[in-house]
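Reckoned from all heavy atoms, side chains included, excluding hydrogens, waters and symmetry mates. FYI, the numbering just counts along the sequence from 1. Everything quoted here is computed from the prediction, not taken from an experiment.
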Amino acid sequence: MIDYKLEVLLQEMSAEEYRTSSYIAGKLNVNEKTVQSRVKELNELLKGQGAVIHSKRRFGYKLMIQDKEQYETFRNCPEDQNKEYLPSSSAERVPYILSYLLNHSEYIKLEALSEFLYISRNTLTADLKKVDYILNIYHLTLERRPNYGILVKGKEFDKRVCMANSLVKGNTLFQKNVKKQHEFQMIGEILLGIMSGCRMRISEISFESLIIHVSIAVGRIRRGYFISMDPDKTKNMVGEEVFLAAEEAAKALEERLKVSYGEDEVCYLAIHLGAKLSSDSYGTYGPNFVISSEIDELVLRMLKTVYNGFRMDFRNNLELRMSLNQHMVPFDIRMQYRIPLENPLIREIKKECAFAYTVAATACTVLNEHYKINIPEDEIGYFAILFALALEKQKRKIEKKNIVMVCMSGKGSSQLFIYKYRQAFGKYMNDIYECPVYDLADFDFKGKKIDYVFTTVPINIKVPVPVFEVNPFPELKDIVIYSELFEKGSNEFIYKYYKKELFLSGLTGRNKEEIIGNLCDYIGKYYDLPETFYESVMKREASGRTDFGNLTAIPHPYRVLTKENFVAVGILEKPVWWGNNEVQAVFLISISTEEDEDVECFYRLTTNLIFDAPKMQYLIHNPAFEVLISLLTESGHPGKDDEI
């Protein structure tokens with residue numbers, strides 16, 4: 001089987017032209033002497049295989065194929081199919097080096113590692129900076145010791161989590177390893193059988209993650225790398241049922257995989273099992289579900305933070321409170337042990353539940369402070385689902401509309417027309433007035449508080465309300481369209497929050513602190529801001545991100561401070577780094593201390609806009625207040641003719 005270092009060299013050889021040792025050395029990031037030495041080794045390997053590397057002074061090296069059939073047999077050798085190739089780019093080398101270092105307990109010198117990888121010392125140093133960055137995420141360090149080399153230092157728990165998230169998910173740790181894939185399948189069968197017997201629920205992606213962590217643990221145990229855990233703490237955290245299930249799984253793994261599971265490893269398995277179970281599993285099996293006072297207090301603080309920031313009161317919503325508490329049990333395990341859970345629907349959640357995601361992100365500022373970390377957006381997405389359900393279940397007050405029905409036919413058919421629309425839209429309609437088209441000009445629209453005119457014929461006179469030409473007998477598509485119209489109602493309330501004088505197309509600033517300061521100064525020309533307004537906005541910035549992508553940030557005070565509702569919108573000439581993303585459009589929001597029935601609709605329209613990438617691009621390239629309002633109220637969309 002060809003050595004992977006020689007394989008890389010052979011791939012750089014050409015059968016059509018000579019290539020100098022200088023050229024090859026440059027391609028492989030090695031010196032010319034290394035190339036010359038490796039060519040000799042390669043020629044020895046090619047003896048009797050139908051090819052030879054021919055060298056010519058001042059021209060370099062060329063691959064001479066003497067027996068094509070024999071050479072192709074050599075290249076397609078079954079053993080050669082499973083050879084381990086040396087990574088050829090930095091993107092491939094970084095996880096390779098990370099895996100190598102995490103699986104070695106002794107120091108390795110940089111010279112030996114660069115020779116092993118067939119790269120220069122400078123190239124290795126650049127790659128190690130990236131390895132360092134990844135290790136730091138998992139609280140691991142790359143210790144450098146003179147005359148000894150480098151070695152990864154840190155807890156075994158953190159090393160395993162690093163492997164699971166940085167290597168396995170990138171398909172670099174077990175790639176093309178048939179034996180390991182078979183082991184995956186066996187582990188999955190064992191875990192699935194035990195969890196089914198205990199009536200434990202787990203999502204598909206969490207189950208896959210659990211198998212990966214168990215497989216890594218099995219490999220580490222075999223190599224003599226053991227975990228250190230506190231059994232009492234683990235049992236209290238995951239509960240008796242989960243711990244018993246972990247013990248049962250450990251016994252099965254010992255028997256089928258021939259690996260020894262000590263008490264610490266059982267604890268490790270229990271932690272991962274408890275962290276990945278669906279939250280409702282904790283309330284559907286085993287002993288009574290008990291919520292710790294600490295978790296309930298966190299949830300109450302989350303709901304209070306939502307109220308302070310949005311003036312939306314979920315504090316007495318017992319169903320939401322219990323759902324959050326239940327979700328917090330496995331979440332608490334994940335955060336304490338830094339075991340992130342991937343959310344496969346995060347993009348869809350941010351797009352389809354934009355407002356709920358914004359609410360969840362604000363609620364999670366409490367958790368950022370409690371766990372001393374920034375809660376990952378995948379986890380925020382799971383909280384957003386719970387808030388989205390709570391928002392949907394809130395009974396939205398539907399303002400019944402007053403309608404004028406215009407029909408050219410006689411009294412009997414017009415009454416049938418009204419009856420059909422009353423039947424289809426009764427819950428949305430208050431008074432329905434019949435009016436012939438020739439009397440419409442004299443109709444008392446203001447006195448009767450008319451909202452819409454529905455007509456079966458064209459109307460050529462101007463009326464003070466929207467006019468809809470409709471089908472006398474509404475079909476399903478009509479019912480859907482007009483139901484949405486009635487539920488949405490008018491968007492005129494948006495002017496309570498957005499005002500032309502607070503739209504600034506020439507906002508300046510080098511960083512978010514300066515930008516927010518300049519925006520506050522600008523607002524101060526029109527509103528009497530509290531002295532602590534800027535400090536409150538910066539306190540909210542420090543507690544959690546307000547930039548969610550699409551070049552947009554939505555800073556706001558840590559709690560409600562002003563008597564007036566307002567949104568100051570500033571568009572920057574160039575994007576500025578906000579902390580997590582580049583930002584070019586800033587929506588500084590301040591909600592009134594007074595109760596406001598329109599606040600939820602305001603937030604829905606605003607978040608729907610900022611999470612819509614094409615609309616935000618359109619606003620940034622067409623910075624005008626009228627464009628903003630048009631996009632917010634959905635009366636105008638960037639069409640094909642408006643594409644940027």
Discussion item. Tell me the closest heavy-atom pair linking Leu253 and Val259, and the distance in Å.
Written reply: O-CG1, 3.9 Å
Fill in: Inter-residue atom distance Ile205.CD1 - Asp378.CG, 0.5 Å rounding
8.5 Å
Worksheet item: By side-chain hydrogen bond (donor to acceptor under 3.5 Å, both in side chains), which residues pair with Arg311, not counting sequence neighbours?
Response: none
Worksheet item: For Ala354, does its backbone N or O pair with a side-chain atom of Thr358 as donor and acceptor, under 3.5 Å?
Response: yes
Worksheet entry | Separation of Thr362 OG1 from Ile380 CD1 (nearest 0.5 Å) | 9.0 Å
Worksheet item: For Glu582, which residues count as a salt bridge (charged side-chain N to carboxylate O under 4.0 Å, His left out) partner, sequence neighbours excluded?
Response: none
Worksheet item: Only one of Leu561, Asn565, Val567 forms a side-chain contact (heavy atoms from CB on, under 4.5 Å) with Ile591, so which one is it?
Response: Asn565
Practice prompt. Please collect all salt bridge (Lys or Arg N to Asp or Glu O under 4.0 Å) contacts where either partner lies in residues 132-141, sequence neighbours excluded, each pair once.
Written response: Asp132-Arg144
Discussion item. Any non-hydrogen side-chain atom of Tyr558 less than 4.5 Å from a side-chain atom of Asn308?
Written reply: no
Response to the item:
What one should report as the nearest heavy-atom pair of Leu273 and Ala246 is CD2-N, 4.3 Å
Worksheet item: To the nearest 0.5 Å, what is the distance between CG (Leu244) and CD1 (Ile194)?
Response: 11.5 Å
Item to complete: Verify side chain to side chain donor-acceptor pair (under 3.5 Å) between Ser543 and Glu369, making sure each step is shown before the conclusion.
Response: CA-CA 7 Å; Ser543 67; Glu369 183 182 343; over 6 Å; no
Worksheet item: Taking the side chain from Asp158 and the backbone from Gly154, do they hold a donor-acceptor pair closer than 3.5 Å?
Response: no
Discussion item. Between Val583 and Val576, is there a side-chain heavy-atom distance shorter than 4.5 Å?
Written reply: no
Fill in: Atom CZ of Arg559 with >12 non-hydrogen neighbours under 6.0 angstrom
no
Worksheet item: Looking at CH2 of Trp578 and NZ of Lys512, how far apart are the two atoms once the value is rounded to the nearest 0.5 Å?
Response: 7.0 Å
Worksheet item: Would Asp296 and Arg321 pass as an ion pair if we require N to O under 4.0 Å?
Response: yes
Practice prompt. May I have the step-by-step check of side chain to side chain donor-acceptor pair (under 3.5 Å) for Tyr371 and Asp332, ending in yes or no?
Written response: CA-CA 9 Å; Tyr371 293 105; Asp332 181 59; 2.6 Å; yes
Practice prompt. Side-chain contact test, heavy atoms from C-beta onward, threshold under 4.5 Å: evaluate it for Leu269 versus Glu265 and give yes or no.
Written response: no
Worksheet item: If you measure from the Lys or Arg side-chain nitrogens to the Asp or Glu carboxylate oxygens, is any gap between Glu183 and Arg222 under 4.0 Å?
Response: yes
Response to the item:
Rounded to the nearest 0.5 angstrom, the SG-CE distance for Cys198 and Met195 is 9.5 Å
Worksheet entry | Ring centres under 6.0 angstrom apart (Tyr382, Phe331) | no
Practice prompt. May I ask you to test the Asn581-Asn550 pair for a side-chain heavy-atom distance under 4.5 Å?
Written response: no
Worksheet item: Going by the angle between their ring planes, with limits at 30° and 60°, are Tyr268 and His272 parallel, tilted or perpendicular?
Response: perpendicular
Practice prompt. Over 60° means perpendicular and under 30° means parallel, so classify the ring planes of Phe314 and Phe387, tilted if in between.
Written response: perpendicular
Under 3.5 Å donor-acceptor pairs involving side-chain atoms of residues 185-193, not counting sequence neighbours:
none

Worksheet item: Looking only at heavy atoms, what is the nearest atom pair of Gly381 and Ile349, with distance?
Response: O-CD1, 3.6 Å
Discussion item. Donor-acceptor check, side chain of His621 to backbone of Leu619, threshold 3.5 angstrom: yes or no?
Written reply: no
Worksheet item: Would you say Glu319 has more than 12 foreign heavy atoms packed within less than 6.0 Å of its CD?
Response: no
Worksheet item: If every non-hydrogen atom of Cys162 is compared with every non-hydrogen atom of Ile134, which pair is closest and at what distance?
Response: SG-CG2, 4.3 Å
Practice prompt. Assess whether side chain to side chain donor-acceptor pair (under 3.5 Å) is satisfied between Asp127 and Ser90, documenting all intermediate values.
Written response: CA-CA 6 Å; Asp127 288 339; Ser90 179; 2.8 Å; yes
Worksheet item: Residues two or more places apart in sequence or in another chain: which of them pass salt bridge (charged side-chain N to carboxylate O under 4.0 Å, His left out) with Glu377?
Response: Lys350, Arg545
Worksheet, complete the sentence: Output for pair (Arg338 CZ, His139 NE2), nearest 0.5 Å, gives 5.0 Å
Worksheet entry | Which atom of Met229 lies closest to which atom of Asp264, heavy atoms considered | O-OD1, 3.2 Å
Worksheet item: Do side-chain atoms of His327 reach the backbone of Ser323 as a donor and acceptor pair under 3.5 angstrom?
Response: no
Fill in: Heavy-atom check, side chain of Val586 versus side chain of Leu519, under 4.5 Å
yes
Discussion item. side-chain contact (heavy atoms from CB on, under 4.5 Å) for Arg160 and Arg220? Distances and angles first, verdict last.
Written reply: CA-CA 8 Å; Arg160 294 183 185 185; Arg220 299 292 284 181; 3.9 Å; yes
Worksheet item: Do Tyr603 and Ile589 have side-chain heavy atoms sitting under 4.5 Å apart?
Response: yes
Worksheet entry | Nearest heavy-atom neighbours spanning Gln584 and Pro575 | OE1-CG, 3.5 Å
Practice prompt. Report the C-alpha separation of Lys159 and Tyr138 in whole Å, then their side-chain angles, then the decisive distance to 0.1 Å, and conclude whether the side-chain contact (heavy atoms from CB on, under 4.5 Å) test is met.
Written response: CA-CA 7 Å; Lys159 290 180 181 179; Tyr138 298 96; over 6 Å; no
Worksheet entry | Ser99 side chain to Pro95 backbone, donor-acceptor under 3.5 Å | no
Practice prompt. State, with a plain yes or no, whether a side-chain heavy atom of Leu298 is found less than 4.5 Å away from one of Arg301.
Written response: yes
Discussion item. Is there a side-chain contact between Ser592 and Val560 in this structure, where contact means two heavy atoms from C-beta onward sitting under 4.5 Å apart?
Written reply: no
Fill in: Short side-chain to backbone donor-acceptor contact, Asp612 and Asn608, under 3.5 Å
no
Discussion item. Tyr497 vs Phe566, test: side-chain contact (heavy atoms from CB on, under 4.5 Å). Steps then yes/no.
Written reply: CA-CA 4 Å; Tyr497 306 90; Phe566 64 79; over 6 Å; no
Worksheet item: So Ile385 and Cys353, side-chain contact (heavy atoms from CB on, under 4.5 Å) or not? Walk me through it.
Response: CA-CA 8 Å; Ile385 293 172; Cys353 307; over 6 Å; no
Practice prompt. List for me each residue that meets ring-ring contact (aromatic ring centres under 6.0 Å, His included) alongside Tyr498, sequence neighbours excluded, and say none if there are none.
Written response: Phe602
Item to complete: Would you kindly say whether Glu541 and Thr546 are connected by a side-chain donor-acceptor distance under 3.5 Å?
Response: yes
